[in-house]
Structure formats: C-alpha cells, structure tokens
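Reviewing the structure listed below.
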Amino acid sequence: MRLVTQRLLMREFVAEDWRAVHEYASDPFVVRYNTFGPNTEEQTKDYIETTRFYARQRRRYHYEFAVTLRNCGPLIGACSLVLRTPECQQGELGYCYHPRWWNHGYATEAGQALMRLGFDRLNLNRIFARRQRENGASARVLEKLRLRQEGLMLESELVKGTWRSIAHYAMLRAEWALCQADFPPCEIQEEPPGEEDFDL
C-alpha cells in the first residue's frame with residue numbers, strides 16, 4: 001500500500017531503509033519522548049523486518065509507512081496507524097521524524113493521510129493518539145489534525161525508568177464527517193503482492 005499526498009509518498013518499508021531510519025532512531029534527543037530507543041543497529045533492523053512482516057499479513061492490523069518526499073525521495077521518517085483488532089474499529093496514530101525535516105508540516109500532512117486511510121478506507125469509528133505531557137511539538141501536530149484532548153493520565157506509564165504523564169487525544173467518525181472536507185486529498189494505492197506474499 002502507498003499513500004500519496006501533495007508533498008509526500010508514504011510507502012511500505014524495504015530492507016535497505018534501515019540505515020536512514022537508524023540516523024534518527026539512534027539519536028537520544030529525537031527519541032527522548034518515545035518508548036523505544038536510542039536504537040542499536042540490530043534493533044533498527046529488527047524494526048524494519050517487523051514492519052515488513054506486518055505488511056504481508058492477509059488480515060492487517062499494523063500499517064507502518066516509510067515517509068519520503070515525492071520530488072527527491074529521501075526517507076524523512078515513519079508513521080503508523082495500528083489497529084487493536086478489526087472488530088474494535090479503533091486505530092492509534094504514531095510518528096517519528098528525522099530532525100532535519102522538523103517544522104515543515106510533514107508530520108501533519110502524513111497524519112492527515114493516515115486519518116483518511118483510517119476513516120475512509122478502513123471504516124474506523126475512532127482514531128486516537130497519545131503523547132507525553134512534555135512533548136509540545138506532538139501536541140501541535142495532534143491539534144492540527146483536529147484531534148481533541150480527552151484527558152491527562154498522571155504518571156501512568158513507566159518510560160525508560162521514569163513515570164510519565166500521558167495526554168490522550170481522539171476523533172470519532174461523527175466528528176470526521178464534519179471536518180473531512182477541510183483535509184487535503186490523499187491517493188491510496190494498493191500495490192500488487194510480491195512473490196514473498198504468497199503461501200508456498
């Protein structure tokens with residue numbers, strides 16, 4: 001699957017992406033608000049292989065995309081929409097980007113595409129996201145995506161040895177119906193399966 005926006009191409013990961021991902025996934029400053037990292041090379045390679053495994057599943061719960069620029073093609077980060085199960089009709093947004101590409105609106109643009117995927121293609125009833133209270137940059141992205149803050153859970157997650165307060169955001173399908181016209185278009189392309197996708 002590929003998502004195409006005005007400036008971005010969001011595609012499935014390939015094995016060779018690990019070096020580009022490792023540039024930011026191994027940076028302590030970049031991942032200071034993430035539950036993972038700083039990664040070793042082996043951890044980043046494992047992440048890439050895990051995303052490729054998810055992409056091959058016939059019943060797919062994890063949509064993890066490499067985010068690249070349409071014009072010149074460098075990988076600038078990753079984003080995801082993770083379903084608990086298809087039956088629950090809920091998906092969680094996630095994202096992480098190389099700092100070279102911060103403050104260009106790319107996280108918002110990719111997030112808008114994921115919301116179109118979730119509501120328009122996957123028929124979700126609710127899309128949600130979480131952020132650590134200190135992560136103001138993530139708060140701005142979620143606000144631009146029109147997700148409303150549902151609450152703040154104080155010291156609810158132990159992250160890298162420290163208790164963190166987590167803000168919860170969400171949008172319902174009924175709310176999406178009122179604002180989707182304001183979101184830019186996104187082309188959702190289904191890619192033909194490769195040989196590894198077939199059961200032998």
Side-chain angles (χ1 to χ4, degrees), residues 10 13 17-55 57 59-67 75-103 106-108 110-111 114-115 117-118 122 124-172 175:
M10 302 153 64
F13 281 98
D17 287 330
W18 80 267
R19 293 184 185 278
V21 171
H22 195 65
E23 279 192 33
Y24 62 84
S26 62
D27 186 329
F29 181 75
V30 172
V31 301
R32 67 195 186 282
Y33 297 126
N34 295 87
T35 55
F36 69 86
N39 280 7
T40 64
E41 288 188 358
E42 195 61 33
Q43 287 172 326
T44 300
K45 291 177 181 178
D46 286 346
Y47 164 73
I48 297 296
E49 288 309 306
T50 299
T51 67
R52 287 162 54 77
F53 170 79
Y54 288 145
Q57 301 309 296
R59 298 192 68 189
R60 189 170 182 178
Y61 301 159
H62 292 251
Y63 294 82
E64 304 258 359
F65 296 103
V67 182
L75 189 154
I76 67 172
C79 65
S80 63
L81 181 64
V82 177
L83 283 58
R84 302 299 184 184
T85 65
E87 292 77 16
C88 78
Q89 295 184 304
Q90 297 188 60
E92 181 174 7
L93 293 177
Y95 42 82
C96 189
Y97 290 85
H98 194 293
R100 183 184 308 134
W101 306 105
W102 291 357
N103 301 313
Y106 294 133
T108 300
L114 289 177
M115 293 186 67
L117 171 66
L122 303 178
L124 299 183
N125 185 61
R126 181 173 180 268
I127 291 178
F128 66 97
R130 299 176 296 164
R131 68 168 179 90
Q132 292 185 32
R133 178 168 57 179
E134 297 80 9
N135 192 348
S138 187
R140 290 189 290 275
V141 171
L142 297 175
E143 289 163 3
K144 290 176 183 177
L145 293 176
R146 308 278 189 93
L147 274 69
R148 60 189 156 66
Q149 185 170 332
E150 294 185 318
L152 177 67
M153 299 181 67
L154 298 177
E155 297 188 8
S156 59
E157 292 188 15
L158 185 62
V159 181
K160 300 173 184 175
T162 302
W163 285 103
R164 302 292 187 180
S165 298
I166 307 298
H168 290 247
Y169 292 74
M171 179 185 289
L172 300 176
E175 296 168 315

Using atom types as modelled and distance alone, determine if a side-chain donor or acceptor of [X] lies under 3.5 Å from a backbone N or O of [Y].
X: Ser156; Y: Met153; result: yes
X: Gln57; Y: Phe53; result: yes
X: Thr108; Y: Lys144; result: no

Is there a side-chain contact between [X] and [Y] (heavy atoms, below 4.5 Å)?
X: Tyr106; Y: Val67; result: no
X: Tyr24; Y: Pro99; result: yes
X: Gln89; Y: Ile127; result: no

Smallest separation among heavy atoms of [X] and [Y], with atom names:
X: Gly91; Y: Leu81; value: C-CD1, 3.9 Å
X: Ala129; Y: Leu142; value: CB-CD2, 3.6 Å
X: Ala66; Y: Asp17; value: CB-OD2, 4.2 Å
X: Met10; Y: Cys79; value: CE-SG, 3.3 Å

Distance (rounded to the nearest 0.5 Å) between [X] [atom1] and [Y] [atom2]:
X: Asp27; Y: His22; atom1: CG; atom2: NE2; value: 10.5 Å
X: Glu49; Y: Thr44; atom1: CD; atom2: OG1; value: 12.0 Å
X: Glu41; Y: Asp46; atom1: CD; atom2: CG; value: 12.0 Å
X: Met115; Y: Leu124; atom1: CE; atom2: CG; value: 10.0 Å
X: Trp102; Y: Tyr97; atom1: CH2; atom2: OH; value: 12.5 Å
X: Leu83; Y: Gln90; atom1: CG; atom2: CD; value: 9.5 Å

Review point. Got more than 12 heavy atoms from elsewhere within 6.0 Å of CZ, Arg32?
Key: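 Yes, because the 6.0 Å sphere around CZ of Arg32 holds more than 12 heavy atoms from other groups.
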Exercise for review: Determine whether more than 12 heavy atoms belonging to other residues, nucleotides or ligands lie under 6.0 Å from atom NZ of Lys160.
Suggested key: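 Atom NZ in Lys160 is packed in, count exceeds 12.
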Donor-acceptor side-chain pairing of [X] and [Y] below 3.5 angstrom:
X: Asn39; Y: Ser26; result: no
X: Tyr169; Y: Arg130; result: no
X: Gln149; Y: His168; result: no

Check your understanding: Are Tyr54 and Tyr63 close enough that their ring centers fall under 6.0 Å?
Key ->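 No: the rings miss the under 6.0 Å criterion.
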Review point. Can you list the steps and then say if Tyr33 with Gln132 is a side-chain hydrogen bond (donor to acceptor under 3.5 Å, both in side chains)?
Key: CA-CA 7 Å; Tyr33 297 126; Gln132 292 185 32; over 6 Å; no
Check your understanding: Only one of Glu92, Glu175, Glu150 forms a salt bridge (Lys or Arg N to Asp or Glu O under 4.0 Å) with Arg126, so which one is it?
Key ->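 Among Glu92, Glu175, Glu150, the one that satisfies the salt bridge (Lys or Arg N to Asp or Glu O under 4.0 Å) with Arg126 is Glu150.
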Check your understanding: Where do Val82 and Leu93 land on the side-chain contact (heavy atoms from CB on, under 4.5 Å) test, with the steps shown first?
Key -> CA-CA 7 Å; Val82 177; Leu93 293 177; over 6 Å; no
Exercise for review: Under the side-chain contact (heavy atoms from CB on, under 4.5 Å) rule, what do Leu152 and Ile166 come out as? Steps first, then yes or no, please.
Suggested key: CA-CA 6 Å; Leu152 177 67; Ile166 307 298; 5.8 Å; no
Practice item. Answer yes when Arg52 and Glu64 have at least one side-chain N-carboxylate O distance shorter than 4.0 Å, and no when they do not. Key: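 No salt bridge links Arg52 with Glu64.
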Practice item. Please lay out, stage by stage, how Phe36 and Tyr47 fare under the test ring pair (Phe, Tyr, Trp, His ring centres under 6.0 Å). Key: CA-CA 10 Å; Phe36 69 86; Tyr47 164 73; 7.2 Å; no
